[in-house]
Amino acid sequence: MIARLRERLRYRRYRRAQIRQSRAKRRKDASFRLVPFVGLIRAHCPELGPAAAVLCIGARNEVELDVFARAGFGNVTAIDLWSDSPRILVGDMHALRFPDRSFDLVFASHAFEHAWDFAAVAAECVRVLRPGGYVFCAVPTGFEVSEHDRYDFKDAAGLLAYFTRWPVTLVDEQRLRPGELSVLLR
């Protein structure tokens, strides 16, 4: 009982720290990073058309939604722990409030490294993914783990280790910039 209470308190502190960071970055325009990522998705996932259901995890602001719209995606849902935009739902990647098999693509740009429990996040991503769907993520690598940046996956194998329970395959792995890994799974 006491151990569970301590864990809940630790998780609340974690959430507050993540929300502070998200609020601090809400005005940041990350389109310089997002446009190439969406280009990779377009190149490797040509069957994802305008009606493809996309979930953006950790969107922070509307930039991700706008980048996807300009790339022709018309069915994009975005979540973050905190939002001042009506276009971004408040939600937690550890407990997604969507039915099973809701999305064709789960997209997470610089979000997975912030997870409290990435095994739970991986399970949620797979749960909401339709059969044959994709998970795209971009994560920093080679940093010192901290209260805010909790997971350094180091490489694609480090990330894939969390998905071994499911028949997931690596579609693409790239390092577009030093210290940044992008991975597309199916």
Side-chain angles (χ1 to χ4, degrees), residues 3-4 6-15 17-18 22 37-38 40-48 52-59 64 68 73 75-81 89-176 179-186:
R4 266 201 269 153
R6 279 190 188 128
E7 188 66 11
R8 281 201 321 254
L9 290 172
R10 287 179 58 225
Y11 185 70
R12 283 185 187 159
R13 281 194 299 272
Y14 153 82
R15 278 183 56 97
Q18 296 300 326
S22 184
F37 294 160
V38 175
L40 289 171
I41 291 164
R42 274 277 173 240
H44 290 287
C45 314
E47 70 277 15
L48 295 181
V54 177
L55 174 62
C56 292
I57 294 176
E64 282 184 25
F68 271 99
F73 290 93
N75 185 13
V76 181
T77 301
I79 68 163
D80 205 331
L81 284 173
L89 304 174
V90 173
D92 187 336
M93 65 181 159
H94 298 87
L96 297 171
R97 292 182 284 162
F98 304 105
D100 296 357
R101 301 176 174 200
S102 296
F103 297 97
D104 300 298
L105 170 66
V106 173
F107 179 88
S109 174
H110 293 262
F112 285 168
E113 69 274 13
H114 304 300
W116 174 259
D117 176 359
F118 187 70
V121 172
E124 281 294 277
C125 289
V126 171
R127 182 185 66 75
V128 300
L129 201 59
R130 291 184 178 139
Y134 296 89
V135 174
F136 174 88
C137 73
V139 293
T141 60
F143 61 89
E144 188 171 327
V145 173
S146 69
E147 175 185 51
H148 181 66
D149 295 318
R150 300 174 51 85
Y151 286 84
D152 180 356
F153 299 102
K154 299 192 185 335
D155 54 28
L159 183 77
L160 280 165
Y162 290 91
F163 289 91
T164 57
R165 293 175 30 203
W166 305 280
V168 174
T169 58
L170 178 65
V171 175
D172 186 60
E173 168 189 5
Q174 293 193 23
R175 291 192 178 267
L176 297 176
E180 180 179 66
L181 172 70
S182 71
V183 175
L184 181 63
L185 307 174
R186 184 171 206 187

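The shown structure was predicted, so the numbers you read here are calculated from the model rather than taken from an experiment. Note: hydrogens, waters and symmetry copies are ignored here, and every other heavy atom, side chains too, is used.
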- In short, V90 meets L81 closest at the heavy-atom pair CG1-O, 3.4 Å

- Item | Atom pair CZ/CZ of R13 and R10 - distance to nearest 0.5 Å | 7.5 Å

- Between SG of C45 and CG of L184, what distance do you get to the nearest 0.5 Å? 4.5 Å

- Message: Can you tell me how far apart CG (L129) and CH2 (W166) are? Round to the nearest 0.5 Å.
- Response: 11.0 Å

- Item | Minimum heavy-atom distance A111-M93, with the two atoms named | O-CE, 3.4 Å

- Query: What residues, two or more places apart in sequence or in another chain, satisfy side-chain contact (heavy atoms from CB on, under 4.5 Å) together with V76?
  - Reply: V54, C56, L65, F68, F73

- Query: Considering all heavy atoms of both residues, which atom of L170 and which atom of D172 are nearest to each other, and what is their separation?
  - Reply: CD1-O, 3.5 Å

- Query: How about H44 and F136: do any of their side-chain heavy atoms sit closer than 4.5 Å?
  - Reply: no

- Item | Backbone N/O of L48 and side chain of R42: donor-acceptor pair under 3.5 Å | yes

- Tell me, which pairs form a side-chain hydrogen bond (donor to acceptor under 3.5 Å, both in side chains) where one or both residues lie in residues 121-141, sequence neighbours left out? E47-Y134, D100-R127, D104-R130, E124-R127, Y134-R186, T141-R175

- Message: Are the side chains of Y151 and V139 in contact, using a 4.5 Å heavy-atom criterion?
- Response: no

- Message: Would you say the rings of F112 and F153 are close, in the sense that their centroids are separated by under 6.0 Å?
- Response: no

- V183 and A156: which non-hydrogen atoms are nearest, and at how many Å? CG2-CB, 4.1 Å

- Message: Please verify the inter-ring angle class for H110 with F37; under 30° counts as parallel, over 60° as perpendicular, anything in between as tilted.
- Response: parallel

- Message: Rounded to the nearest 0.5 Å, what separates atom CH2 in W116 from atom NE2 in H94?
- Response: 8.5 Å

- Separation between CG (L105) and CG (L55), nearest 0.5 Å, reads 8.5 Å

- Taking all atoms of both residues into account, what is the closest heavy-atom pair of E64 and S109, and its distance? OE2-CB, 4.0 Å

- Query: How far does CD1 of I57 sit from CG of D92, to the nearest 0.5 angstrom?
  - Reply: 10.0 Å

- Under 30°, 30 to 60°, or over 60°: which ring-plane class applies to H114 and H148, parallel, tilted or perpendicular? tilted

- Item | Min side-chain heavy-atom separation L176-L40 under 4.5 Å | yes

- Looking at C125 and L96, what are the two nearest heavy atoms and their distance? N-CD1, 4.4 Å

- Query: Would you call Y162 and V121 a side-chain contact if the rule is heavy atoms closer than 4.5 Å?
  - Reply: no

